[in-house]
Protein chains: 2
Amino acid sequence: MATITDVARLARVSPATVSRVLNGTTDVSPERAERVRQAVAELQYQPFSPARALRRQLTDVWAVIVADIENPFFTSVVRGIEDGAREFGYRVLLCNSDEDVGKEAGYIDVAVGERVGGVVISVASTRQSDLAPLLRLGVPVVAVDRRPVGHLVDSVLVDNRLGARQATAHLIENGARRVACITGPKRLSTANERLAGYKDALAAAGRRFDESLVLREDFRQAGGYDAVRALTSGRPRAHPDALFVANNQMTVGALQALQQQDLDVPGDVKVVGFDDAPWATLTRPQLTVVAQPTYDIGRTAAELLATARAAKGGPREVVLVPKLVVRESSGRPG
Amino acid sequence: MATITDVARLARVSPATVSRVLNGTTDVSPERAERVRQAVAELQYQPFSPARALRRQLTDVWAVIVADIENPFFTSVVRGIEDGAREFGYRVLLCNSDEDVGKEAGYIDVAVGERVGGVVISVASTRQSDLAPLLRLGVPVVAVDRRPVGHLVDSVLVDNRLGARQATAHLIENGARRVACITGPKRLSTANERLAGYKDALAAAGRRFDESLVLREDFRQAGGYDAVRALTSGRPRAHPDALFVANNQMTVGALQALQQQDLDVPGDVKVVGFDDAPWATLTRPQLTVVAQPTYDIGRTAAELLATARAAKGGPREVVLVPKLVVRESSGRPG
DNA sequence: GTGAAAGCGCTAACAC
DNA sequence: GTGTTAGCGCTTTCAC
């Protein structure tokens, strides 16, 4: 591969001049600039990024570390981040922590090693994810979706508690007597906040909180499936007549389990899921969900990251509002 | 941030010795090695990747360039690639070309600039995507899903023609008289191969090929929706009684359009989609699809990439076999 | 406006 | 085993 020296030789100028033409830092005489451009084209020269990064001590790359690249929620957020990054002149290095704190730590090390210009992260664990290596370096970090505790970073969150409260209240209004909550692991703030919102709604309706109706699973499809199997395995009187499922992938699993057991939705069990999906109107019945502003979450994160170095004061926190989208799976009033 | 020199000073050794400890290239006396490790820990030293890449002239990074990060097909492929990459000791830099040859070219330049160790790409265009910058550099490239013409690269493809033929034949066997094909743009080999398979099946059944029953849209949801609207807008006798939809996202749109027009599936219109989805059993009726071995595609690509430098002979091509998964949307025989 | 020269942090060749 | 040294490709003073 050609180097800047090769280009300089061919264009009969110094390497410094080639650099100046490429970066537009100083004026170069038109003729020489033209010679340089020709030489670049002829040699198909492409600057070697590591050399440039070494010299400049920074890169125009952001690392985006998401917990689950297969979850459409995150890919939509990523799209928002990407579009924002492009606008601000950054490239995006996308990493998948796979809900694993260890893998996540590895990618954080990579981000540190690359001296990336910024990091957007949906932490694998609210308490255990360690952002310190980034913060020590002074790399701006924006947390999305999940709240990291003990680290002072900007964040873009959704009012999960509100969304969960609305979902649960809606089920109660529609006549549900025993609403179960299938939520995620304790290590995720989203799981806890959605559970809290569920409790809020019960309390507001004067309902007793029944521990046996709350199940924690991982946020994956199999978790939703297993939860429903467990909830419907005991004596029938103990079964729930409504489900608030706190995550999109678990909702798929939950619906599959209900279907397999010939339980009618919403007749036997009413269902509200979290996060909308393109196919939510294709299921029978159509799925009621708490929709999240996924793309905006990403967009907003990019804006915070781009302005992080200039920002004064403490961490900035943006909380976006989810929206209950009522379809058929949650039944009807009365 | 601490440098290798800082570590060396603190450990009272030379920078070379620190490097040796970190990379395990040569034996270092136990005591000195221990001192180095302590210094590394104390300073929280993290090697600066660009400096290392500059010196070594290569990186342990693969670029994975996918056409649409929001398409679950690709994210599943990516998971396969990632798992393979990890096994072979590579990190994955994920890029989203957004079905745009221009953005794709930008990421190819990035890959060249970074001198990545390999590239896995699902090209944005069979003919227009330009892999030459990579090949000139000698970077191993593996194409997945879509076939790039005019470039000698390894590839992992699916037998789209076979899958499409099976899908269409199945619809015909189930009594469809007018099978429409909603496929993708001409620039994508997958779109063309699936159309070819559709034609194969018609021919094998002795059916006349009717141009008006073939629609090309982009591979996105709105495309499927628009196609169905178009197909059902003319005089009823011209409407199809079956649809072969050549892509997962378009299938969602197509089903939505059918639903909106109160067309019964499979009564009025039988449907087979391409690529399976977790929610395919939740729709009413359950969706018949041609399932692709997504994860294996990625896995296989990683294996080809890891062994590319050692491989002799011409380009290697692996063709995986899709599988028709019959559910309800395609009707019943007779 | 331009070139010479230094140096970013790291590793590998070479001495000892 | 270990330290010294050179140099990867680039940008940025500093002279002129």
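So that the names make sense, note that chain A is the first sequence line, chain B the second, and so on, each numbered from 1.
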- Query: Going through the checks in order, is the salt bridge (Lys or Arg N to Asp or Glu O under 4.0 Å) test met by A:R220 and A:E70?
  - Reply: CA-CA 10 Å; A:R220 314 217 182 191; A:E70 286 193 275; 5.8 Å; no

Length of the [atom1]-[atom2] vector between [X] and [N], whole Å:
X: B:R20; N: D:dG1; atom1: CZ; atom2: P; answer: 11 Å
X: B:Q57; N: C:dC10; atom1: CD; atom2: P; answer: 16 Å
X: A:I4; N: C:dG3; atom1: CD1; atom2: P; answer: 12 Å
X: B:M1; N: C:dC8; atom1: CE; atom2: P; answer: 17 Å
X: A:D27; N: C:dT2; atom1: CG; atom2: P; answer: 9 Å
X: B:L43; N: C:dC10; atom1: CG; atom2: C1'; answer: 16 Å

Looking at the side chain of [X], which of [options] is the nearest nucleotide?
X: A:L54; options: D:dG9, D:dT11, C:dC10; value: D:dG9
X: A:A16; options: C:dC10, C:dG3, C:dT2; value: C:dG3
X: A:Y45; options: C:dG3, D:dC10, C:dT2; value: D:dC10
X: B:A51; options: C:dA12, C:dC10, C:dC8; value: C:dC10
X: B:T17; options: D:dT11, C:dA12, D:dT2; value: D:dT2
X: B:S19; options: D:dC8, C:dT11, C:dA4; value: C:dT11
X: B:F48; options: D:dG1, C:dC10, D:dT13; value: C:dC10
X: B:R56; options: D:dT12, D:dC10, C:dA12; value: C:dA12
X: A:R55; options: D:dG3, C:dA6, C:dT2; value: C:dA6

- Task: Have a look at A:P47 and say if it touches a base, only the backbone sugar-phosphate, or nothing, with a 4.0 Å heavy-atom cut-off.
- Result: sugar-phosphate

- At under 4.0 Å between heavy atoms, what does B:R32 touch on the DNA or RNA strands: base, sugar-phosphate, or nothing? sugar-phosphate

- Item | Distance-only polar pair, side chains of B:S129 and B:E104, donor-acceptor under 3.5 Å | yes

- Item | Reported CG-to-CG distance for the pair A:D83 and B:D98, which is rounded to 0.5 angstrom | 7.5 Å

- Item | Nearest-0.5 Å distance that lies between atom CG in B:L135 and atom CG in B:L152 | 8.0 Å

- Item | Geometric class of the B:F88/B:W62 ring pair [parallel <30°, tilted 30-60°, perpendicular >60°] | tilted

